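Since we're looking at a predicted model, the values are computed, not measured. In what follows, chains are A, B, ... by sequence order, proteins preceding strands, each numbered from 1.
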Amino acid sequence: MQVQGLAIGYGDQHIQHDVSFNVERGSIFAIMGPSGCGKSTLLKALIGLLRPSAGAVRFGARDYWALDQGQRDDFGRSFGVLFQGGALWSSMTAAENVALPLQMFTRLDVSALDSLVQLKLSLVGLDSDRGSMPADLSGGMRQRVGLARALALDPQILFLDEPSAGLDPIAAKRFDDLMLQLRDGFGVTVVMVSHELPSLFGICDDGVFLDAATHTAIAHGAPGVLRDSSTHPTVRAFMQRDRSAANEALA
Amino acid sequence: MTVAPTNLRLSTQVHGNETLVTLKGDWTTQDDLGIPAVTETLFDRSELRMISFDSSRLGRWDCSLLIYLSAVHNAAAPRSIRFDDSGIPIAAKRLLALLPQQAVALAAPARPPILVERFGLWVIAQWAEVAAVTELVGGQILQTGNALIGRAKMRRADFVGCMYDAGIAALPMVALVNVLVGAILAFVGAIELRRFGADIYIANLVGLAEVREMAAVMTAIVMSGRTGGAYAAEIASMQGSNELDALRVLGIPLQEYLVLPRVMALTLMTPILYLYGSAIGILGGFAVAVSMLNISPELFMAQTRSAVTMHEVAFGLIKSIAFGTLIALAGCRIGLRAGRSTTDVGHAATSAVVVSIIGIITLDAVFAVCANALDL
């Protein structure tokens, strides 16, 4: 996936401009930055929910925003998206949430569909909760059902919006491990929006850092590399928060 | 060596006590081939000790392959047949490792209650609801007293906002409905009264019907759909987003903070809307009478004044106060008891409107019987 000179905003409000980066197939790519810098807005432009005011998002040779709506819808089925908090359909059980995309876009018979739903929920460790309603699930469980739903159509690219937000450190680590296993297993490319440093350092191969002050990307690279070698003060302050805290404690 | 029948995605070969499953072509959920079923024939040889796989001819694959491999694994385990995963793709092996080794046993579904049990549960639920409504009504009466001396825990801005929503904002809809009702009454009455040369009694018909019944009932029905449903939906959404819990933990009484301003606003505004609706309804009848029945405006107004007494107006006012209170209480109560999902918000709004309309009609019938008994 290539993002070239992307500008995004709402009406007259410019959120980000001149954002460019490449995402390698099979990598885990992080969109980083402080709160309010436009990470989730950029994600919306990548998944077809917000038309950018300039620039291009290319998947291979295809310019996504140059496609017509029908083509974008078809192409969008190769995306899996995990929204913040899971965004589960609250009137459906966990299993029904996962089953809906399969019912809509495959011709599987009922037993195959049921097996597939069971498998997806098993992959995220929630097979026994398939009959639960979203309101009865914890935040972490809702995230995992959301992930199972995002995986329903075996996407080539998985977009995750703050997947670890609100999870305790153990649950967040488990979620990170799951992402690695799914990436290694399915060869899926993962693009995640996050400002959870342990997740960023733990699983991301590459990334882009968005700045809220200059409204553009100010650094590119793996989070660990940015932490160790970036000279930009904003990036260093963000990435070295843990070290700063440790240094302050020592001082 | 024997070769078993094949299908498009796999073939099996038997080597002594081992069966080799050759996986072929693409295995994706998007194609129309379906997922091959794991049949008993795969395991029907008593000497079978191992199932292995050859994936050298396997193309693209996704979860459909995992489902097949998982099913073979789960079927082989209880038969003490070894599942040799060395021939399957490494990525598939990793994903299989994420799955539970045995299918997770789900709790048996609860026995559905028998008819008597269901009836008993229904009675208990209705009794609890009656208790909750009684508590709500009693609480509102006490808290209204607090509000009158300025001690209620509600924000003045909320009360003013509720007054605006239930008052000025509702004027256009109340006017439209009542003017049409007045005009319809005049039309319907004209057909019959003209036969007897009693055209002028159109004024009596429209005036009495509007002031005594129609303006109060139609205004209340409009308000139940417009405002009662909105109260229920608003409070139910607050339930879903934990806003009610946030109020509770701060010790802010929901009845005073949320319910009281709404009940007071609708109780105060509905009679004003009723008076407005009555006047507009009579205006609708007046327009039809003057323009189509050639009744002079002065005569229509004089006839209306003689037919509609202050008794009738007071009767209508009392009804509209009761209707307003009922709509607000129903909307708030149904919002407070709603669940936490988005569907519950829709259900709450619908229930509030239905309960309010049924309540309005029932209450109107009670008023009619009382008025008849008291000769009002």
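- Only the side chain of D154(A) comes within contact range of chain B, with at least one heavy atom under 4.5 Å from a heavy atom of that chain.
- With respect to the salt-bridge test (charged N to carboxylate O, under 4.0 angstrom), the residues E18(B) and R82(B) do not qualify.
- Look at D245(B) and R248(B) and you find a salt bridge, because one of the NZ, NE, NH1 or NH2 atoms lies within 4.0 Å of a carboxylate O, short of that distance.
- A cation-pi arrangement is present between R149(A) and W89(A), with the terminal nitrogen or guanidinium carbon under 6.0 Å from the aromatic centre and inside a 45° cone about the axis.
- Contact annotation for L113(A): neither backbone nor side-chain heavy atoms come within less than 4.5 Å of a heavy atom of chain B.
- For I114(B), the CD1 atom is densely surrounded, since the number of other residues' heavy atoms within 6.0 Å is greater than 12.
- Ranking L119(A), D184(A), T106(A), L153(A) against chain B, the residue ahead of the rest is L119(A), based on heavy-atom pairs under 4.5 Å.
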